[in-house]
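Before any comments, here is the structure.
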Amino acid sequence: MTDPLRLGIAGLGTVGTGTVRIIRQKANLLAARAGRPIEITAVSARSRDKDRGVNLSGYAWEDDPVALAQRDDVDVFVELMGGSDGPAKAATEAAIAAGKDVVTANKALLAHHGHALALAAEAAGRVIRFEAAVAGGIPVIKALTEGLAGNDITRVMGVMNGTCNYILTRMQSAGLPYAEVFEEANQLGYLEADPTLDVGGIDAGHKLSLLAAIAFGTQVDFDAVELEGIEKITIEDIHHAADMGYRIKLLGVCQMTGRGLEQRMSPCLVPDNSPLGQLEGGTNMCVLEGDNVEQIVLRGPGAGMGPTASAVMGDVMDIARGFRMPVFGQPATGLERAKPARAVTPAPYYLRLALEDKPGAMAKVAAVLGEAGVSIDRMRQYQHNESAAPVLMVTHKTTRAALDIALAAMSRLDVMTAEPVALRIESV
Ligand code: NAP
Ligand code: HSE
């Protein structure tokens, strides 16, 4: 097979220009590895006049990404615009209908429409590849679908949003409050145009739902991901967690349980000496567990021009080499919708309470916990300030339902001066 593989690239922002750069700078290397040249025939973006720092003069221009997707001289439609609907969805559907393979970095599109798009692509004999959509430069989709194909996957975990990990680790290292570090991240250009996608856990939840579908052979079900963002994490929580040997991470976890598929993206405590606990800055980490391999840990850059374009090119190269695979690793027609687990797996929890520093206060809290069946493992009281004494507890393993009963009862106690904070401690 020596015909060139002809790409149409829609979206010339961070990832799109990175992809163009690699194809221009490494043409010989890519051709040698693929056994055929990789060429760009046409591109699309909103503004034709913008200087993007790459030479686009040899490529046809389309204002409309749908028209780009339908061009006869395009074999692979590379969707790097973003957005769960609108032009990204319309152009991806048009590409499949026109008989093109698709490469995309768009987790939002696939989290919301992945199953329908996979059905359409496979019915048309086309592939959709999306390595860049999850954990940027880390080849986690390849690891799950190919390297770990001989395993029953038991659990997938990870830190999949670099911005949140930057915020949490910067709060810790600089001792700064959330609002100040959020603003710093904003100034550095780390935040998505809609920052709630990052700090609300939505972007990472999109990624987790894609990994869950592959790992457990189910339809993508983003709506079933239990989401909690990092907005309520205080510098005190970070310091107290550190005092007790933990770090706080926005952690995604998916696992198939007897109660159904558990998918959650939430701030959790992890041991500070674990690989996840040691993860600093905007780096991502994926922890994959299988019955035969036990555990593997993948760590790397989760965003940025080079890393994300690197992942896009991995997919392009597979297509150029003739390697084809169902979108989620198994034919989409056979994928069932998993029953979502109504309750999460029991775990120990970190509790931060603000108590009036007076006789009997702690006894009331202990009674409430005892009545709900929640057992205390460790406890610390810090020096009281003018209004309250901060009390930290680590519980023994408990159900979230029991904990919620205890938290609701605690909120009603006359000795509590603020709402209790509860964070799950994940065993990693
Ligand atoms: P970006 O820098 O904002 O670039 C988006 C590009 O899409 C721009 O070139 C824009 O055109 C173009 N575009 C938007 N609407 C369009 C339309 N209607 N028609 C034609 N072109 C349109 O975004 P990005 O950071 O490269 O992200 C692209 C995709 O990669 C997203 O799905 C994102 O979630 C994903 N991703 C990004 C990263 C990262 O590190 N940036 C990492 C992983 C995944 P103009 O330039 O003319 O405005
Ligand atoms: N906003 C995302 C992050 C970009 O911070 O990880 C990469 O998907």
Side-chain angles (χ1 to χ4, degrees), residues 8-21 42-54 56 61-69 77-92 94 102-113 130-138 140-141 158-169 182 185-186 188-208 210 229-230 250 252 265 279 281-286 300-312 315:
I9 300 182
L12 295 168
T14 305
V15 187
T17 51
T19 303
V20 173
R21 262 177 224 273
V43 295
S44 176
R46 272 179 301 219
S47 158
R48 189 170 185 166
D49 303 327
K50 202 187 268 185
D51 177 7
R52 301 173 190 276
V54 283
L56 302 171
W61 179 274
E62 293 282 359
D63 285 324
D64 178 5
V66 170
L68 177 86
F77 176 64
V78 184
E79 188 282 300
L80 303 174
M81 296 179 288
S84 60
D85 291 276
K89 177 165 178 273
T92 300
V102 174
V103 172
T104 181
N106 192 335
K107 55 263 178 176
L109 172 72
L110 293 176
H112 288 283
H113 307 293
F130 56 97
E131 187 68 75
V134 182
I138 302 177
V140 60
I141 292 173
V159 167
M160 302 172 202
N161 183 278
T163 305
C164 288
N165 203 53
Y166 169 81
I167 291 175
L168 293 172
T169 52
F182 176 91
N186 192 22
L188 289 166
Y190 288 178
L191 290 162
E192 301 272 347
D194 172 3
T196 56
L197 288 175
D198 285 317
V199 296
I202 300 163
D203 167 81
H206 287 153
K207 296 167 182 168
L208 184 75
L210 300 178
I230 62 165
L250 178 67
M265 181 59 67
L279 192 70
T283 310
N284 281 197
M285 183 172 281
C286 299
M305 181 179 280
T308 314
S310 159
V312 169
D315 285 341

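We count ligands from 1, going down the list as the structure has it; atoms in each ligand are counted the same way. Please read all numbers here as calculations on a predicted model, not as lab measurements. Residues take their numbers from the sequence shown, with the count starting at 1.
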What one should report as the nearest heavy-atom pair of L109 and S84 is CD1-O, 3.5 Å

**Prompt:** Looking at ligand 1, does R52 have a heavy atom less than 4.0 Å from it?
**Reply:** yes

Using modelled atom types only, decide if a donor and an acceptor are shared between the side chain of E131 and the backbone of I141 within a distance under 3.5 Å.
yes

Self-check item: Main-chain N/O of A132 paired with T308 side-chain donor or acceptor, under 3.5 Å
Solution: no

heavy-atom search around atom 21 (N) of ligand 1 in the protein gives A45 CA, 3.2 Å

In this structure, atom 36 (N) of ligand 1 is nearest to the protein heavy atom K107 NZ, 3.7 Å

Any non-hydrogen protein atom less than 4.0 Å away from atom 32 (O) of ligand 1: yes

Here the pair of heavy atoms bringing T283 nearest to V159 is O-CG1, 4.1 Å

Within 4.0 Å of some non-hydrogen atom of G302, the atoms of ligand 2 are 7 (C)

In this structure, atom 1 (P) of ligand 1 is nearest to the protein heavy atom G13 CA, 4.0 Å

Counting heavy atoms under 4.0 Å, the part of V15 that contacts ligand 1 is both

All heavy atoms of T163 vs all of Y190, minimum pair found to be OG1-O, 3.0 Å

Atoms of ligand 1 under 4.0 Å from any heavy atom of L80, numbered from 1 in the order shown, are 5 (C), 6 (C), 7 (O), 28 (C)

protein heavy-atom neighbour closest to atom 47 (O) of ligand 1 works out as S47 N, 2.7 Å

Within 4.0 Å of some non-hydrogen atom of D203, the atoms of ligand 2 are 2 (C), 8 (O)

the protein heavy atom lying closest to atom 6 (O) of ligand 2 turns out to be G162 N, 2.8 Å

Per-atom filter on ligand 2: closer than 4.0 angstrom to a heavy atom of A303 are 4 (C), 7 (C)

Discussion item. Could you check whether T196 and D194, counting side-chain N and O atoms only, form a donor-acceptor pair closer than 3.5 Å?
Written reply: yes

A303 heavy atoms within 4.0 Å reach ligand 1 at atoms 40 (O)

Closest to atom 4 (C) of ligand 2 among protein heavy atoms sits E192 OE2, 3.7 Å

Here the pair of heavy atoms bringing G53 nearest to R21 is O-NH2, 3.8 Å

Atom 12 (C) of ligand 1: closest protein heavy atom, distance to 0.1 Å, is G11 CA, 3.9 Å

Short version for A105: what comes under 4.0 Å of ligand 1, heavy atoms counted, is both

ask   = Looking only at heavy atoms of A10, does any of them come nearer than 4.0 Å to an atom of ligand 1?
value = no

Has ligand 2 got any nitrogen or oxygen that is less than 3.5 angstrom from a nitrogen or oxygen of D198? yes

heavy-atom search around atom 13 (N) of ligand 1 in the protein gives M81 CG, 3.9 Å

Atom 8 (O) of ligand 2: closest protein heavy atom, distance to 0.1 Å, is K107 NZ, 2.6 Å

Correct closest heavy-atom pair for W61 and L12 would be CZ3-CD1, 3.8 Å

Is there a donor-acceptor pair closer than 3.5 Å between any side-chain N or O of N165 and the backbone N or O of L279? yes

Going by the 4.0 angstrom heavy-atom rule, the piece of A132 near ligand 1 is backbone

Residue, atom and distance of the protein heavy atom nearest atom 2 (O) of ligand 1 read T14 N, 3.0 Å

For atom 14 (C) of ligand 1, the closest protein heavy atom turns out to be R46 CZ, 3.5 Å

re atom 5 (O) of ligand 2, the protein heavy-atom contact at minimum distance is T163 OG1, 2.5 Å

- Item | Stepwise salt bridge (Lys or Arg N to Asp or Glu O under 4.0 Å) check, R48 with D63 | CA-CA 8 Å; R48 189 170 185 166; D63 285 324; 5.5 Å; no

Pairs of nitrogen or oxygen atoms closer than 3.5 Å, one from D63 and one from ligand 1: do any exist? no

Would you check whether G304 has a nitrogen or oxygen atom less than 3.5 angstrom from a nitrogen or oxygen atom of ligand 1?
yes

Any heavy atom of P87 under 4.0 Å from ligand 1? The part involved is side chain

Inset, instruction - Consider every N or O of S44 and every N or O of ligand 1, then say whether any pair is closer than 3.5 Å. - result: no

- N/O separation below 3.5 Å, L12 to ligand 1: yes

With a 4.0 Å cut-off, strictly under, does atom 23 (O) of ligand 1 pick up any protein heavy atom? no

Test item: T19 side-chain N/O and V15 main-chain N/O as donor-acceptor pair under 3.5 Å
yes

Heavy-atom nearest pair, L250 first then A204, reads CD2-CB, 4.3 Å

